[in-house]
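Report on the following structure.
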Amino acid sequence: MHNSTHNDIKIIAILGSTGSIGTQTLEVVKENPSLFKVVLLTGNANAALLIEQAIAFRPQHVAICDESQYPAVKEALAGYEIRVHGGHQAITELVTLPEINIVLTAMVGFAGLEPTIAAIKAGKTIALANKETLVVAGDIITELAQQHNVKILPVDSEHSAIFQCLVGEENNPIEKIILTASGGPFRGRNAEFLANVTREDALKHPNWVMGAKITIDSASLMNKGLEVIEAKWLFGLTADQIEVIVHPQSIVHSLVQFQDGSIKAQMGLPDMKLPIQYALAYPNRVQNNFKRFDFTAYPNLSFEQPDTKTFRNLALVFDALHKGGNMPCIVNAANEVAVAAFLHKKIGFLAMSDVIEACMQQVFFIARPNLTDYLNTDRETRIFAHNFINNIPHKVLQFDTNN
Ligand SMILES: NC(=O)C1=CN([C@@H]2O[C@H](COP(=O)(O)OP(=O)(O)OC[C@H]3O[C@@H](n4cnc5c(N)ncnc54)[C@H](OP(=O)(O)O)[C@@H]3O)[C@@H](O)[C@H]2O)C=CC1
Ligand SMILES: CC(=O)[C@@H](O)[C@H](O)COP(=O)(O)O
Ligand SMILES: [Mn+2]
């Protein structure tokens, strides 16, 4: 384990550097060259951006998961002292490089699980954006982190907020946490309206610019469901200690209530660079020029109950949490397939919850899964979900007058 003082440079691997979190992380690194240096950048298919990032930041290694893009990246970086790797397995090996202090997991989906496990086993601090890792196998990840004395520092804005509220409260038990949700672009809408929304409608998040998958998750409230499970594992809570409240302005990023009833909140403008910087610089705070919050510009911060009858995903996630075992892993895989199908206009918005519910009912339940069980559950759920989608009657496919 490397211990850093305020003045030590931290050596960072960014998994998913070509995405929304990845590119913002590079902005933070660029602003703080005396604090952070990247040694590994990875992308899935965006070879052009990965090449551009490699030339700008000069990491020792880059890896592209989509092996068909490997020759292009290799050729473009031939004149530089940068080693180019291809395929998923390369990432799982590269995260163990001895010089790495922090692995920032910003790839999307289940693909984050195995590299994160490898990084923890190698003793690396994890700056965790990839919430799906904890949703799928939170028990294994948190136990491994304890065994290897590894910190998991949250990047997700809500969890960073809670983490920041807990500083100095190490001996004070949490009564409950309150996760804020924006409510997404369809807040206040009914099922009749949701039946006809398109991918373009759902991709218009009111407050955050993010990757497509998490943006759809936000619109369906699945993002908040995934965050409930993420919070359970990060902070050692029961489902009953986690409340979700809709806060359309996304200024209060989340809250912690202690046993004396006192509530602490962390606030600020919606900008992921702050939680990214906090995770990388932890335990220090670093001066920056991010736009500051002005209370008078937001005279009405509001809060309301989530509508879990219309947005069924959140209720399904609480069911999955109460059932435990491999049920959250089933929910995650079903949701990944459903979101991809929605983005490809194969199913409508409401059908995403149908896919998840059917998988929860039909995929084999395992009360005490091991890692192999999780990998099998993920694979079997995807097969079941694809079959289910292929059998959905035409009338519930996504309706889009533009096509
Ligand atoms: N965006 C945000 O503000 C927030 C995001 N998060 C979480 O962070 C993670 C990343 O989100 P976001 O940055 O928005 O997503 P993006 O879709 O913008 O970026 C995803 C990144 O992962 C890479 N990637 C995609 N599929 C795979 C795969 N199968 N294997 C390896 N790498 C892959 C992409 O590569 P390429 O582009 O080259 O294909 C890209 O670098 C998600 O888990 C999300 O829930 C959490 C809080 C906020
Ligand atoms: C920026 C971030 O952390 C996202 O997870 C965000 O919270 C999504 O917004 P919703 O509250 O709409 O899910
Ligand atoms: Mn979040």
Side-chain angles (χ1 to χ4, degrees), residues 14-26 41-53 62-67 69 73 87-92 104-116 127-136 154-162 179-187 202 204-228 230-231 244-254 268-276 279 306 311 313-314 332 335-336 339-340 343:
I14 306 176
L15 311 186
S17 64
T18 50
S20 160
I21 293 289
T23 51
Q24 292 178 87
T25 303
L26 283 172
L41 298 177
T42 83
N44 189 42
N46 192 343
L49 182 55
L50 188 62
I51 292 164
E52 195 184 299
Q53 293 177 339
V62 300
I64 183 104
C65 293
D66 177 349
E67 298 200 42
Q69 308 273 358
V73 181
H88 284 277
Q89 188 52 35
I91 295 179
T92 299
L104 188 136
T105 65
M107 70 268 273
V108 64
F110 183 84
L113 178 63
E114 290 185 279
T116 306
L128 185 125
N130 177 269
K131 61 193 86 180
E132 293 91 342
T133 289
L134 284 181
V135 174
V136 169
V155 169
D156 208 344
S157 62
E158 297 77 0
H159 305 73
S160 175
I162 291 161
L179 288 178
T180 50
S182 74
F186 307 136
R187 183 176 62 87
K204 288 184 193 131
H205 195 282
N207 305 325
W208 300 95
V209 179
M210 309 182 287
K213 192 262 179 180
I214 186 177
T215 305
I216 301 303
D217 284 345
S218 293
S220 70
L221 288 201
M222 177 51 89
N223 183 48
K224 220 41 59 179
L226 302 179
E227 292 186 351
V228 168
E230 182 185 13
V244 172
I245 191 100
V246 172
H247 166 49
Q249 298 81 20
S250 299
I251 295 297
V252 178
H253 295 306
S254 276
L269 290 169
D271 180 353
M272 279 307 296
K273 290 204 294 302
L274 180 63
I276 290 168
F311 296 86
N313 284 354
L314 192 52
N332 181 70
N335 182 57
E336 287 192 28
V339 170
L343 284 169

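All figures in this text were calculated on a predicted structure; none of them were measured in a lab. Counting convention: from 1, in listed order, for ligands and their atoms alike.
- Side-chain contact between P115 and M107 is present, with heavy atoms from C-beta onward closer than 4.5 Å.
- Side chains of V155 and M272 form a contact here, defined as non-hydrogen atoms less than 4.5 Å apart.
- For atom 9 (C) of ligand 1, the closest heavy atom belonging to the protein is M107 O, 3.6 Å.
- With a 4.5 Å cut-off on side-chain heavy atoms, V244 and L314 count as touching.
- By the criterion of a heavy-atom distance under 4.0 Å, both the backbone and the side chain of M210 are placed next to ligand 1.
- Closest heavy-atom approach to atom 16 (P) of ligand 1 among the candidates G211, S160, S218, G112: G211.
- To the nearest 0.5 Å, atoms CG (N223) and CG (D156) are separated by 6.5 Å.
- Taking only nitrogen or oxygen atoms, main chain and side chain alike, A45 reaches within less than 3.5 Å of ligand 1.
- Shortest contact from atom 10 (C) of ligand 1 to any protein heavy atom: A106 O, 3.3 Å.
- Taking only nitrogen or oxygen atoms, main chain and side chain alike, S20 reaches within less than 3.5 Å of ligand 1.
- Any N or O atom pair closer than 3.5 Å counts here, and I21 shares at least one such pair with ligand 1.
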Listing, residues 204-212 side-chain donor-acceptor contacts under 3.5 Å, not counting sequence neighbours, or none:
from	atom 1	to	atom 2	distance (Å)
H205	ND1	N207	N	3.0
H205	ND1	W208	N	3.1
H205	NE2	S182	OG	3.3
N207	ND2	P248	O	2.8
N207	ND2	S250	OG	2.7

Practice problem: For the pair L41 and L50, evaluate side-chain contact (heavy atoms from CB on, under 4.5 Å) and give the outcome as yes or no after the intermediate values. | Solution: CA-CA 8 Å; L41 298 177; L50 188 62; 4.0 Å; yes

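- Atoms of ligand 2 found under 4.0 Å from any heavy atom of A181 (numbered from 1 in listed order, with element): 11 (O).
- Looking only at protein heavy atoms, the nearest one to atom 7 (O) of ligand 2 is E158 OE2, 2.3 Å.
- A distance of 8.5 Å separates CD in E336 from CG in D217, rounded to the nearest 0.5 Å.
- In this structure the side chain of L179 reaches within 4.5 angstrom of the side chain of I162, judged on heavy atoms.
- Residue L113 comes nearest to T133 through the heavy atom pair N-OG1, 3.5 Å, listed as atom of the first residue, atom of the second, then distance.
- L15 contributes atom CG, which lies 4.5 Å from atom OG1 of T42 (distance to the nearest 0.5 angstrom).
- Atom 9 (O) of ligand 2 has as its closest protein heavy atom H205 NE2, 3.3 Å.
- Polar contact check, G19 against ligand 1: a nitrogen or oxygen pair lies under 3.5 Å apart.
- Using 4.0 Å as the threshold, H253 has no heavy atom nearer than that to any atom of ligand 2.
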Self-check item: Worked verdict on I251 versus L269 for side-chain contact (heavy atoms from CB on, under 4.5 Å)
Solution: CA-CA 6 Å; I251 295 297; L269 290 169; 4.2 Å; yes

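- Comparing heavy-atom distances from atom 25 (C) of ligand 1 across V108, I214, D156, L128 singles out V108 as nearest.
- L128 places a side-chain heavy atom less than 4.5 Å from the side chain of E230.
- Among the atoms of G16, some N or O lies under 3.5 angstrom from an N or O of ligand 1.
- The contact set between ligand 2 and D156, taken as ligand atoms under 4.0 Å from a residue heavy atom, comprises 2 (C), 3 (O), 5 (O).
- Those atoms of ligand 2 that come under 4.0 Å of a heavy atom in S157, given as number and element, are 1 (C), 2 (C), 3 (O), 7 (O).
- Ligand 1 has a nitrogen or oxygen under 3.5 angstrom from a nitrogen or oxygen of N44.
- Excluding waters, the set of protein N/O/S atoms under 2.8 Å from the Mn ion (ligand 3) reads D156 OD1, E158 OE1, E227 OE2.
- No heavy atom of K213 sits closer than 4.0 Å to any atom of ligand 1.
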Quiz item: Step by step, would you call L26 with I14 a side-chain contact (heavy atoms from CB on, under 4.5 Å)?
Solution: CA-CA 9 Å; L26 283 172; I14 306 176; 3.6 Å; yes

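- Listed for the N130 side chain is a donor-acceptor partner under 3.5 Å among the backbone atoms of G109.
- Here the shortest heavy-atom distance to atom 43 (O) of ligand 1, taken over K131, E230, E132, Q69, belongs to E132.
- Within the listing of ligand 2, atoms 5 (O) sit less than 4.0 angstrom from a heavy atom of K131.
- For atom 7 (C) of ligand 1, the nearest protein heavy atom (residue, atom name, distance) is A129 O, 3.2 Å.
- Looking at D217 against ligand 2, nothing comes within 4.0 Å, counting heavy atoms.
- Residue Q24 places no heavy atom under 4.0 Å from ligand 1.
- Protein heavy atom in closest approach to atom 31 (C) of ligand 1: C65 SG, 3.5 Å.
- Q24 contributes a side-chain N or O that, together with a main-chain N or O of S20, makes up a donor-acceptor pair within less than 3.5 Å.
- Residues K131 and I214 are in side-chain contact: their nearest non-hydrogen atoms beyond the backbone lie under 4.5 Å apart.
- For atom 12 (O) of ligand 2, the candidate residues are A219, S182, S220; the nearest heavy-atom contact is made by S182.
- Atom 30 (N) of ligand 1 has as its closest protein heavy atom H88 CE1, 3.0 Å.
- At distances below 3.5 Å, at least one donor-acceptor pair connects side-chain atoms of T180 with backbone N or O atoms of H253.
- Atom OG of S254 sits about 9.5 Å away from atom NE2 of H247, to the nearest 0.5 Å.
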Quiz item: Could you go step by step and tell me if K213 and E132 meet the salt bridge (charged side-chain N to carboxylate O under 4.0 Å, His left out) rule?
Solution: CA-CA 11 Å; K213 192 262 179 180; E132 293 91 342; 2.9 Å; yes

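- Distances below 4.0 Å separate heavy atoms of T18 from the following atoms of ligand 1: 34 (C), 35 (O), 36 (P), 37 (O), 38 (O), 40 (C), 41 (O).
- Using a 4.0 Å cut-off to heavy atoms of N130, the atoms of ligand 1 that qualify are 43 (O).
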Practice problem: List the steps, then state whether side-chain contact (heavy atoms from CB on, under 4.5 Å) holds for L49 with T23. | Solution: CA-CA 10 Å; L49 182 55; T23 51; 4.1 Å; yes

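- Every atom of ligand 1 is numbered from 1 in the order shown, and the set under 4.0 Å from a heavy atom of G43 is 35 (O), 38 (O).
- For atom 13 (O) of ligand 2, the closest non-hydrogen atom on the protein side is N223 ND2, 2.8 Å.
- In this structure, N44 CG and I64 CD1 are separated by 7.0 Å, a value rounded to the nearest 0.5 Å.
- Distance from atom 4 (C) of ligand 2 to its nearest protein heavy atom, with residue and atom name: M210 SD, 3.7 Å.
- Distances below 4.0 Å separate heavy atoms of A111 from the following atoms of ligand 1: 28 (C), 29 (N), 30 (N).
- Contact between Q69 and A47 at its shortest, heavy atoms only, is OE1-CB, 3.4 Å.
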